[in-house]
Amino acid sequence: MTTAYQFRNAPQQLGPLQQVLDPITRHDLAKIPIRPGWRVLDAGAGAGSITHHLADTVGFTGTVIAVDLDTHLLNPTNVIDVYQRDLRDGLDLPVEPGSLNLVHSRCVLQHLTNRTDLLTQMITLLRPGGWLLLGDIVYSRALTHHAPTDDDNDLIRRSIHAILDTLTVGGTDLDWGNLTHTHLLDAGMTHVHSRTRADTWTGGGPGCLLLADNARQLHDRLLHADLTHADLRRFGELMNDPTVALRGYQYTCTLAQKPEGSRNR
């Protein structure tokens, strides 16, 4: 079983993912009173869209620490510090405990077996009163609203479930997003709030293009999930068909604050 992120940091993957999730993340970040000069960690920064959004928010007096296993899409600036790290080894960063105002991580912890230890480390790095924003895709039943034929409808459902099942077999915990809230309460965090949503995706749009790329990257493994080469070819065509409509991945984000009077642990 693998215990690392199962997709490559490529524009075909991260571009659609950002288009789907960035509006959600920005909406949640807007709930936090981020001020110029804040020190922020973006763990699993990917292509850096949220890193740059945070950099714009904290201004030239702030710092955004962007961390990823693959940093070739990340560029350091006077505000952004980039560190290449394998998070399976923990948050080995030149950051003092209790020194960060905000930690953000999206679609990362669910892929790593040391996720609870990483969560503890993130909380330790936060200063009292600091904020944590986490988000992960969670398992949900596939639902197709429209497809050209009944057979296409069935293929879409089977393919999405096969993608999710294959990720689970590969070590991704697609229930982690449902458990984050409890873990944060147990860790003594306050103002814990979770939100789950799943939007309608249309063929040719970023969500369906994300599904098509997921299927491409997992192609050989999906052949062991009762899908054929012809099935996967047709699934790719359907994900580009504007008449297709389906319920996209279910995404859960959780926001929490470290107690003002807490000590670093």
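No hydrogens, no waters, no symmetry mates; every other heavy atom, side chains included, goes into these values.
With hydrophobic clusters built from ILVMFWY side chains whose heavy atoms lie under 4.5 angstrom apart, Leu17 does not share a cluster with Leu29. Criterion: ILVMFWY side-chain heavy atoms under 4.5 Å apart, direct or through other members. Under it, Trp38 and Leu93 are not part of a common hydrophobic cluster. Neither Leu255 nor Leu100 shares a network with the other; the hydrophobic side chains, linked directly or stepwise wherever heavy atoms of I, L, V, M, F, W or Y lie under 4.5 Å apart, form separate groups for each. Side-chain heavy atoms closer than 4.5 Å link hydrophobic residues (I, L, V, M, F, W, Y) into clusters, and following such links, possibly through other members, connects Tyr83 to Leu126. Both Tyr139 and Leu222 sit in one connected hydrophobic cluster of ILVMFWY residues. Membership requires side-chain heavy atoms under 4.5 Å apart, directly or through other members.
With rounding to the nearest 0.5 angstrom, the CG atom of Leu227 is 11.0 Å from the CG atom of Leu218. In this structure, Leu41 CG and Thr51 OG1 are separated by 9.0 Å, a value rounded to the nearest 0.5 Å. In this structure, the separation between CG on Asp165 and OG1 on Thr172 is 12.0 Å, given to the nearest 0.5 Å. Distance CZ/Phe235 to CD1/Ile160: 5.0 Å, rounded to 0.5 Å. Summarising the geometry, atom NE2 belonging to His181 is positioned 8.0 Å from atom CG belonging to Leu184; distances are rounded to the nearest 0.5 Å. Separation of atoms CZ (Arg115) and OG1 (Thr120) is listed at 13.0 Å; rounding is to 0.5 Å.
More than 12 heavy atoms of other shown residues, nucleotides or ligands fall within 6.0 angstrom of atom CZ in Arg195. Crowding of Asp89 atom CG: a count of heavy atoms from other residues, nucleotides or ligands under 6.0 Å exceeding 12.
The backbone N or O of Arg141 sits nowhere less than 3.5 Å from a side-chain atom of His161 that would complete a donor-acceptor pair. With His111 contributing its side chain and Gly171 its backbone, the two residues share no donor-acceptor pair below 3.5 Å. A donor-acceptor distance shorter than 3.5 angstrom exists from the side chain of Ser99 to the backbone of Glu96, with no hydrogens or angles considered. Of the possible polar contacts, one joining the Thr190 side chain to the Gln257 backbone as a donor-acceptor pair under 3.5 Å is found. Using modelled atom types, one side-chain atom of Gln110 and one backbone atom of Ile137 make a donor-acceptor pair closer than 3.5 Å. With hydrogens and angles disregarded, no donor-acceptor distance shorter than 3.5 Å links the side chain of Thr202 to the backbone of Gly205. Of the possible polar contacts, none joining the Arg247 side chain to the Asp199 backbone as a donor-acceptor pair under 3.5 Å is found. Panel note: side chain Asp68, backbone Ala45; a donor-acceptor pair is recorded below 3.5 Å. Panel note: side chain Ser105, backbone Val108; no donor-acceptor pair is recorded below 3.5 Å. Although no hydrogens or angles enter the test, the distance criterion places a donor-acceptor pair under 3.5 Å between the side chain of Thr228 and the main chain of Asp231.
Asn214 and Tyr249 are linked by a side-chain donor-acceptor pair at a separation below 3.5 angstrom, with hydrogens and angles left out of the test. Thr243 and Asp241 share a side-chain donor-acceptor pair at under 3.5 Å. A donor-acceptor contact closer than 3.5 angstrom is absent between the side chains of Gln121 and Asp117.
Among Thr180, Asp175, Thr182, the single residue meeting the side-chain hydrogen bond (donor to acceptor under 3.5 Å, both in side chains) criterion with Asn178 is Asp175.
Pairing each heavy atom of Ala47 with each of Gln18, the nearest pair is CB-OE1, 3.1 Å. Scanning both residues, Val95 and Arg39, for their nearest heavy atoms gives CG1-NH1, 4.5 Å. In terms of heavy atoms, Ala142 sits closest to Arg157 at O-CD, 3.9 Å. The minimum heavy-atom distance between Leu102 and Leu132, with the atom names listed, is CD1-N, 4.4 Å. For the pair Val192 and Ala256, the tightest heavy-atom approach, listed with the atom from each and the gap, is CG2-CB, 3.8 Å. Closest of all the heavy-atom pairs between Val20 and Pro206 is CG2-C, 4.0 Å.
By the 4.5 Å heavy-atom criterion applied to side chains, Leu119 and Leu134 are counted as neighbours. The side-chain heavy atoms of Thr25 and His53, taken from C-beta on, include no pair separated by under 4.5 Å. With a 4.5 Å cut-off on side-chain heavy atoms, Leu246 and Leu143 do not count as touching. Between Val138 and Trp176 the shortest side-chain heavy-atom distance does not fall below 4.5 Å. Residues Ile80 and Thr63 have side chains not in contact (no heavy-atom distance under 4.5 Å, counting atoms from C-beta outward). At least one side-chain heavy atom of Arg127 sits less than 4.5 Å from a side-chain heavy atom of Asn101. You'll find the side chain of Gln84 stays beyond 4.5 Å of the side chain of Asp70, heavy atoms only. Contact annotation: the side chain of Asn75 never approaches that of Val82 to less than 4.5 Å [non-hydrogen atoms, C-beta and beyond].
Taking the ring centroids of His104 and Trp131, they lie at or beyond the 6.0 Å cut-off. Here His229 and His219 bring their ring centres to under 6.0 angstrom of each other.
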request  = Under the side-chain contact (heavy atoms from CB on, under 4.5 Å) rule, what do Val169 and Thr166 come out as? Steps first, then yes or no, please.
outcome  = CA-CA 5 Å; Val169 170; Thr166 298; 5.7 Å; no
query = Given the rule in the side-chain contact (heavy atoms from CB on, under 4.5 Å) test, do Met189 and Ile123 qualify, once you have shown the distances and angles that lead to the verdict?
reply = CA-CA 9 Å; Met189 297 289 279; Ile123 293 171; 4.0 Å; yes
request  = Begin with the C-alpha distance, continue with both residues' side-chain angles, and end with the deciding distance and a verdict on side-chain contact (heavy atoms from CB on, under 4.5 Å) for Leu109 and Leu118.
outcome  = CA-CA 8 Å; Leu109 294 181; Leu118 281 171; 3.8 Å; yes
task = Walk me through it: do Leu210 and Gln19 pass the test side-chain contact (heavy atoms from CB on, under 4.5 Å)?
result = CA-CA 10 Å; Leu210 174 65; Gln19 287 179 269; over 6 Å; no
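Between Asp28 and Arg106, no side-chain nitrogen of the basic residue sits less than 4.0 Å from a carboxylate oxygen of the acidic one, so the salt-bridge criterion is not met. Taking 4.0 Å as the cut-off between side-chain N and carboxylate O, Asp152 and Arg234 count as a salt-bridged pair.
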